[in-house]
There are 2 protein chains.
Amino acid sequence: MKAIKIPEKTVTRISIYLRCLEELEHEGTASVSSTQLADRFGLNSAQVRKDLACFGQFGIRGLGYYITPLRHSLEEILGLKRAWDVALVGLGNLGSALMTYKGFHEKGFKISAVFDRDPAKIDRRVEGVQVMDIGAIVPVIRKRKIKMGILAVRAAGAQAVLDALVEGGVIAVLNFAPTQLTAPDSVKIQNVDLSALLKTLSYHIAQTERPNSRTP
Amino acid sequence: MKAIKIPEKTVTRISIYLRCLEELEHEGTASVSSTQLADRFGLNSAQVRKDLACFGQFGIRGLGYYITPLRHSLEEILGLKRAWDVALVGLGNLGSALMTYKGFHEKGFKISAVFDRDPAKIDRRVEGVQVMDIGAIVPVIRKRKIKMGILAVRAAGAQAVLDALVEGGVIAVLNFAPTQLTAPDSVKIQNVDLSALLKTLSYHIAQTERPNSRTP
DNA sequence: TAGATTGTTAATCGATTAACAATC
DNA sequence: TAGATTGTTAATCGATTAACAATC
């Protein structure tokens with residue numbers, strides 16, 4: 001019935017709005033206007049209204065948006081009303097950190113399966129979860145119906161691991177390996193290249209310091 | 001003389017091209033065309049040419065781009081020809097992981113100052129770096145002329161830490177705290193909200209599984 | 001030279017913003 | 001009712017892609 005294609009950027013902003021609504025709720029505010037919301041992060045109020053309108057008519061003309069019901073609606077839309085089981089592959093520094101990262105648990109993401117290829121790590125328990133061999137990915141993921149995966153392995157092994165995850169039924173992946181991955185269109189991949197982020201920062205500094213830099 | 005304003009997205013893609021050039025160089029290839037480069041990550045060849053043209057005329061008509069010289073030029077542009085000292089604030093799970101993360105060192109980013117507010121952690125040595133109290137941020141950063149910082153603290157304390165970093169002279173920050181930060185325009189902030197990334201994934205799954213979902 | 005590929009201009013596409021009738 | 005703010009359409013802006021003359 002309604003509009004069909006939601007832009008990626010809208011979905012990203014929805015989770016920013018959500019963060020803001022949580023804060024306002026804590027402060028005891030009952031309602032908020034698109035302008036107030038937009039001012040919090042230098043966005044345009046029309047954009048806020050348009051983003052929200054993608055998912056329904058949540059606002060009240062002349063008043064704004066009631067915070068609690070809006071928060072519930074957005075959480076429902078983002079699928080945050082349920083807990084998600086997540087498979088983590090790679091228990092190096094980054095993987096171990098993600099395992100204990102509080103932010104995930106708070107938001108209902110539970111890393112309930114962990115895989116590594118290092119025999120020394122297999123069968124160890126981390127945060128109450130037993131580490132398994134990457135060879136077990138397909139059957140375990142399939143059995144437990146896990147749909148979400150995190151790749152914290154080195155670039156060289158990432159594609160093979162992704163293939164296994166996908167074969168097991170995973171359709172959404174957070175990838176920290178700095179490499180280009182291939183998967184069916186039905187699989188959503190979010191890439192986070194930490195080094196690349198630092199590189200854009202180093203560009204910024206280099207640009208700022210460059211003596212003959214043309215001021216923009 | 002030349003074009004002035006480089007889009008953020010172009011800079012991000014440059015570091016992707018760089019990764020690809022490194023691979024090709026390893027394989028012993030001498031030159032590459034914009035089409036070959038674009039095919040590697042489903043981009044458009046015109047976009048590759050345009051991105052590169054922002055920084056100069058690197059190509060040879062009829063042939064393409066010589067890989068090694070292009071790589072050197074791009075590294076120079078991104079400021080990767082020198083080592084960068086980075087200040088890390090927050091030595092929790094994530095901070096500790098970043099401290100030992102190999103990818104940073106490989107690319108010339110050295111975390112050479114670490115701050116935490118927990119007295120139990122202060123004065124400990126991590127990876128050869130002595131942990132200092134966050135109260136020492138301003139003088140230490142200033143003394144060592146550190147320009148780049150990483151925020152791995154909780155949301156509540158992030159703004160205060162950022163203020164200190166900026167006062168000390170930092171102009172580029174990688175922020176993992178899920179909160180909206182404010183800084184002068186001259187300071188570049190890259191936000192990485194890990195939970196928000198998982199939320200877009202959960203939206204994707206919810207959307208896929210939604211029984212009455214209209215197929216796009 | 002003939003074939004290939006760049007650098008760049010023009011056309012297209014999508015996302016952001018402005019504007020305003022609808023309405024609380 | 002008068003004032004405020006939404007939802008949405010139209011205008012603007014920027015980024016992507018197509019096309020092609022320049023040229024290796």
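All chains are named by letter (A, B, ...) in the order of the sequence lines, taking the proteins before the strands, and each is independently numbered beginning at 1.
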Q | Side chain of A/Ser34 (C-beta onward), nearest among D/dT17, D/dT8, D/dT6 | A |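 Nearest to the side-chain atoms of A/Ser34, counting from C-beta on, is D/dT6.
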Q | Residue met sooner reading DNA chain C from 5', once B/Phe58 and A/Leu43 are mapped to nucleotides | A |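 With B/Phe58 and A/Leu43 compared, the 5'-side residue is B/Phe58.
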Q: Starting from the 5' end of DNA chain C, give me the residue, A/Arg13 or B/Ala46, whose nearest nucleotide shows up first.
A: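 Here B/Ala46 is the residue nearer the 5' end.
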Round to a whole Å and report the spacing from [atom1] of [X] to [atom2] of [N].
X: A/Gln47; N: D/dT6; atom1: CD; atom2: C1'; result: 16 Å
X: A/Lys50; N: C/dC20; atom1: NZ; atom2: P; result: 16 Å
X: B/Leu70; N: C/dT6; atom1: CG; atom2: P; result: 11 Å
X: A/Asp39; N: C/dT17; atom1: CG; atom2: P; result: 13 Å
X: A/Ile60; N: D/dG7; atom1: CD1; atom2: P; result: 9 Å
X: B/Asn44; N: C/dC13; atom1: CG; atom2: C1'; result: 13 Å
X: B/Lys9; N: D/dG14; atom1: NZ; atom2: P; result: 14 Å
X: A/Arg49; N: D/dT9; atom1: CZ; atom2: C1'; result: 12 Å

Q | Who pairs with C/dA4 - Watson-Crick or G-U, where each distance is under 3.5 Å | A | D/dT23
**Q.** Complementary nucleotide for C/dT12 - Watson-Crick or wobble, under 3.5 Å
**A.**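 Base partner found: D/dA15.
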Q: Give, ordered by number, those residues of residues 62-69 of chain B having at least one heavy-atom distance below 4.0 Å to an atom of DNA chain C; if nothing qualifies, reply none.
A: B/Gly62, B/Leu63, B/Gly64, B/Tyr65
Q: Would you give the length of the straight line joining atom SG of A/Cys20 to atom CZ of A/Arg71, rounded to the nearest 0.5 angstrom?
A: 13.0 Å
Q: With rounding to the nearest 0.5 Å, note down the distance linking CZ in A/Phe176 to OH in B/Tyr101.
A: 9.0 Å
Q: Kindly check if the number of other-residue, nucleotide or ligand heavy atoms within 6.0 Å of NZ (A/Lys102) is above 12?
A: no
Q. Got more than 12 heavy atoms from elsewhere within 6.0 Å of CZ, B/Arg40?
A.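 More than 12 within 6.0 Å, yes.
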Q.
C/dT5, OP1 or OP2 - any side-chain N/O from B/Gln36 closer than 4.0 Å?
A.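 Indeed not, no polar side-chain atom of B/Gln36 lies that close.
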If only side-chain N and O atoms count, and only distance matters, is there a donor-acceptor pair under 3.5 Å linking [Y] with [X]?
X: B/Ser45; Y: B/Arg49; result: yes
X: B/Gln190; Y: A/Thr200; result: yes
X: B/Thr179; Y: B/Gln159; result: no

Q. Contact class for B/Thr35 vs. all strands (heavy atom < 4.0 Å): base, sugar-phosphate, or nothing?
A.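 Nothing, no nucleic acid heavy atom in range.
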Q | Side chain A/Arg61 and base C/dT23 donor-acceptor under 3.5 Å | A | no
